[in-house]
Structure formats: structure tokens, C-alpha cells
Amino acid sequence: MGTPLDTFNDSALARLFARERRDGRATWFSLPGGATLYGPGEAADQLYFLRTGRLGAFRRDEGQEPQFLGVIRPGEPAGEMALIGGMPHSANLVALRDSEILALPRADFFSAAEGDPTVMLELSRLMIQRARQAQTHAAVGDPSVFGFIAVEPGAAIRPVVERIGRAMETLGYSVTVEGSESQSAPTEWFSHVERDHDFVLYVAEADETAWKHVVGRQVDRLFRVGRGDRLPPGEVPSYASSPLQTQRLVDLILLQPADIRQPAGSEAWMQATQAARLFHLRENGMADVQRIARVLTGQSVGLVLSGGGARAYAHIGAIEALRERGIPIDFVGGASMGAVIAAGLAMGWDDGEMERRIRKAFVESSPVDDIAFPLIAMTRGDKVKARLAEHFGDIQISDLWLPFFCVSSNLTSGSYQLHRRGELQHALRASIALPGVLPPVCENGAVLVDGAVMKNFPADVMRAFQLGPIIGVDVTRGRSITDEDVITPPSLWRWFWSGEWRKGPPIVALLMRAATVSTGRDLTASREASDVLITPRLDRIDIRDWKAFAPAVSAGKLAASIVLDALERPVADLRRRPSLVERALNARNAPPKA
């Protein structure tokens, strides 16, 4: 039946389960890979103990993609918080591999724990630890076993995986890379190697079919590796276990030539592999290797930029402050004008190119002065469309250097629309379609308008894609609109002659502000999801003042500098998981148990 329970006999909880099983109160059962142990809302009437295998915790909030909370490893309990608190379970717990579990009824657990105070003490410590992890880490244990499978014959991918492993070691972890030489190892070997290292990277080459199946069943998350300068093969076998496929824990790495300016054809790979996430890795590109190392160790940095009309120029200053301090940016996302700035970042624009393009597209002339008879909107939207085409062309989101998302608001379904695939300029046009100002975008029968209407600061959306720290820049705070902004101009002729009409009539400011007012609940959720929150002071900048580039950029840079310089440790370390060595030292230095 796999690893004996005695393996964990240094744990008070393990000893309790051993006694209760011997006395017939704890029951053993096998949970096949992909099966659900419990779901949200179910009564917590048993405490579980994992003997062998691996369990994954997932949460899916309404309107969001499934969020991978982490893993439970052999020797760890499951369901303890809900059981002790007398509450229903709040997450899905799914077997990532074939697993063996012991279950102890709630009443029997409390009865047994009364005779052994160390059990409750140990469980309380674990609950406190997991509660803290929910604030600064994964809600349960982080994934630590990853697989890499070559999609097609060609150059071996093991050297690439070993480079990733070495980059992970520089972050302070013990890492081992194992290939098909381990295929005939006994089951216990896998348990031992995964227990003795912070991270295990299994790698399978294209012709190692049997080993591919082993890797696909043995890991917490799987990466397929292909060549970005070639089309995908006609058939791409999965090799991933059903839990990995069902829970969208299969990603894609495309190896790119060193001299390539912009990837192309990546959408075909995404369709062929149905990957959850895509990462581009240039030959000899150390920065790309380091990015993947941060992703695997939970130190990748996500940047989320809010909408806010012309105030979104402040995002450019915040990005400059991040770059000056060498803070990596590994995932980007945003809403409305924040999405446009995030897209430029994902394109690979440096500070100079970002400023030049944004100035040309929005500052040198207003993007919303092609006034139309307001049947659907006050402008035709032709200028905005032309400028998006000029600066982003026909590039697909999957061809961006950084994983990117933006949001629009789906008026047909009444929820926000997440854009992670498809043509970039189409997604951006939907994300900035301010109701009443720009015509909406129609897609598959749905009417899409500005993302700011329903999700102006989507930091909580970013959490579904990565476990690392999130930097949020919110430009919606401060004075926005008063009664002075909506009164009829004292002189329509003077208003027109001064050029103020190019901003649009006062109703434009009213519509733009109405579209960027987040609900308290949404704003709270997004700010709680941000590990670093930057809120520039932009009171004096009108939301439609497209000429206010310099002061907005300066405000964004100043606000970001103040926040970043006040941090006590590097951003990438804010959710850093301790290594095995650090855990051992902490345990050695901990006060003796009562």
C-alpha cells in the first residue's frame, strides 16, 4: 500500500492516526488521480491525512478562472481549518496523483485529541502557518515537482531545463533534474527525492514515450516544450494526467531564436496544446531563464495597471521606477488605458519607446475628437482604432514576450470579459470602449465595453495566473469630478475657440468617470490581492486631459519610488517560500515544545 505510516511517526498527528487506524476508527481509502476529496460548501465532518500521493487545492470565484492554491504532500492533514472552525469547506481538494488517505470522523478526532494535547498544539501551529501563508503565500503548500516534456524531435531540452534548475539554485533552493535514467526507479525513490529537495524537475525528451507517461503522472505542474520558429506537429499527445488537464495545470514553453524581434505563430501552438500559460524562452536568453525560475519558485512578479483615462500616463512613471530598481516584471495585465500601457510592456518596449509611442498615439492629438452624431457613442472610434493598429499591428496576445491579459465588460452577460488569446488590438479596443464615448465592440454575439465598468483594477484576476507577488498601480484615487465640471460652459464660442472642445463636452468627463468608479467590494478585493499598492496623487489631472503627460508620469514615478523604497525586502521575496535548509534552521531555533 505504498509508504508506511511509520515514515511520518515523528508527527503527533501521524501517531494519532496510526492509533486510531489500529483501533478501527480511522479508515483507509484510495483516491484515484483526478477524483475530488471534497468541494466548497461540503460539511467538514472528517479530518484527512495523506499517506501517499499528492492533493491539489483549487478555488474558483464567480467570473474567474480556477485558482491553484497549492498542494498537500504525504504526511500532511487536509480539511483541518474547516473541521476545527465548524465551517463548510471553502475549496476543492483534488487528487493530483493516485493517493492513499486516512479519514477520521470529527467526533473521534476531538475525543482522541483530548488524550494527547500535543496533537492540538501541532495542529494549531499548522493552522496558523497556513493562515499566514494565505496572506503572503499559497494557502497550502506550494507546487514543487515540475515536468518538462519535449513536444517534437530535435535538440535535447534537458540542457534548457538544467539552466532553469541552476537559476533556481541561485535563488537559494536545492534542485535536482531527473531524466529517463530514473524510469525504472521504485516508487519509494520518487518519494525520497521529492522529500529531500526543494524542487524536482523531471525532463522527458521527444523519443522517451514511456518516461513521458511517468512524468505526466508524477508532477504538480507540467510544461510542454516546443520550437517557436516552427509550426506545431499535426498531433500533440498530452501525456498529462487527467487532473493536470482538468485543472489547467499544463503550460507551454516555446524556444525562440536568439535574434528574433517578436515571436510569431504562437497561437497555433496554443490551439494545439491547449496550454494554460505560455512562456517564450530565447536561446542564450538568461533573463527568460530567470523568469521561468521565478515562476517555478513562486517569486514571479505580476504588474496590474488600472484604468483612468489620461491619468493612466502615471503607469509609465511607475514602470520607470520599477526598472530603475531592477525589479523584474513577469506577468502584466490591466483595464482600459492601463491595458494599453501593459500591452506596450508585454511587447518589450523600453522606456524611450513607451514614451514615444504613447505620446504619438494619445498626447500629440486627442484620440477621441472624431465627434459623431451620438446614436451609439459621441465619437466614431476610428482614430482610436487606427492608432491601435499603428502601434500594435496584427500581433496576437500569445506572441507577446510577457504573459498578458486585459479585461473588458460584457454587457450581454453582465460580467467582465477576460482577454488572454486572440488579436491584441481587438482586445485593447474592447478594453477602452468607454460607454457613450467610443462605440462598443461586438464579439460572438456579446457587446463589450470598457473594462473599467466592471473590473477597473483587476489585481485579483492576476492571482489566478501566478503565485508570486503582485504590484498594483491604481490611478483612480483622488478628486475626480465635481459640480464645476458638469455645468454648461459660460460661452460655447470661447469653449470651442480655445480648443477645449477636443476633450469633448463636459458629458465626456462625466461618462469617463462613471465608467471608472469601482465598487467598494471590487476595489477592496483588488487591493487585498496587491502585495505592493501604488496610488499616485493625480487630483489636478483631468481624466480626459490627454496633454497632461509629463505631470502624470512624474506623479506615477514619485508614488512608486516612495512605496518601493519603503519596502523592507525585495519585491520578488515578498512571497518567498523558505527552503528546506531554512525550515530546518527555524525548527532548530524554535523554543522547545511545552
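Any value given below was found using the heavy atoms of this structure, including those in side chains, with hydrogens, waters and symmetry copies removed. Residue numbers run from 1 in the order of the sequence given.
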Handout entry: Test log, rule salt bridge (Lys or Arg N to Asp or Glu O under 4.0 Å), inputs Asp98 and Arg217
Key = CA-CA 9 Å; Asp98 292 347; Arg217 295 193 307 267; over 6 Å; no
Enter the distance from [X]:[atom1] to [Y]:[atom2] here, rounded to the nearest 0.5 Å.
X	Y	atom1	atom2	result
Leu50	Ser99	CG	OG	5.5 Å
Phe404	Leu424	CZ	CG	5.5 Å
Phe405	Met462	CZ	CE	4.5 Å

Any sub-3.5 Å donor-acceptor pair from [X]'s side-chain atoms to [Y]'s backbone N or O?
X	Y	value
Ser174	Asp198	yes
Arg277	Phe465	yes
Ser431	Ala427	no
Ser579	Glu582	yes
Arg54	Gly33	no
Trp401	Leu345	no
Asn456	Ser306	no
Ser11	Ala14	yes
Gln262	Asp399	yes
Asp229	Gln256	no

Measure across [X] and [Y] and return the closest heavy-atom pair with its distance rounded to 0.1 Å.
X	Y	result
Ile157	Ala150	CD1-N, 3.5 Å
Phe190	Ala185	CE1-O, 3.8 Å
Asn92	Pro40	OD1-CD, 3.2 Å
Arg51	Glu100	NH1-OE1, 2.5 Å
Pro469	Leu574	CB-CB, 4.2 Å

Can you classify the ring geometry of [X] versus [Y] as parallel (below 30°), tilted (30 to 60°) or perpendicular (above 60°)?
X	Y	result
Phe58	Phe68	parallel
Phe199	Tyr173	perpendicular
Phe279	Phe223	tilted

Exercise for the section: Let me see the working for Asp531 and Arg463 under salt bridge (Lys or Arg N to Asp or Glu O under 4.0 Å), right down to the final yes or no. Expected result: CA-CA 11 Å; Asp531 299 281; Arg463 179 54 65 211; 3.3 Å; yes
Handout entry: N-O pairing of Asp460 and Lys455 below 4.0 Å
Key = yes
Completion exercise
For residues 284-295, the salt bridge (Lys or Arg N to Asp or Glu O under 4.0 Å) pairs (sequence neighbours left out) are Arg282-Asp288, Asp288-Arg291, Arg291-Asp330, Arg294-Asp330
Beyond-backbone contact of [X] with [Y], side-chain heavy atoms, under 4.5 angstrom:
X	Y	result
Arg577	Thr297	no
His419	Ser408	yes
Ser144	Val71	no
Pro233	Val151	yes
Leu533	Val563	no

Practice task
Kindly say whether the aromatic ring centers of Phe49 and Phe17 come within a distance under 6.0 Å.
Solution key: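 Aromatic pair counts; centres sit under 6.0 Å.
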Exercise for the section: Could you tell me which residues satisfy side chain to side chain donor-acceptor pair (under 3.5 Å) with Tyr202, sequence neighbours excluded, listed by chain and number? Expected result: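 By the side chain to side chain donor-acceptor pair (under 3.5 Å) rule, Tyr202 matches Glu194.
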Exercise for the section: Quick one: list whatever passes side chain to side chain donor-acceptor pair (under 3.5 Å) with Ser398, sequence neighbours left out. Expected result: Glu267
Practice task
List the steps, then state whether side chain to side chain contact (heavy atoms under 4.5 Å, CB included) holds for Arg221 with Asp251.
Solution key: CA-CA 8 Å; Arg221 192 155 198 146; Asp251 298 322; 2.8 Å; yes
Practice task
Please step through side chain to side chain contact (heavy atoms under 4.5 Å, CB included) for the pair Val301 and Val532, ending with a clear verdict.
Solution key: CA-CA 10 Å; Val301 178; Val532 178; over 6 Å; no
Exercise for the section: Tell me yes or no: between the side chains of Thr52 and Arg97, is some donor less than 3.5 Å from an acceptor? Expected result: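 There is no such pair (donor and acceptor under 3.5 Å, judged by atom type) between the side chains of Thr52 and Arg97.
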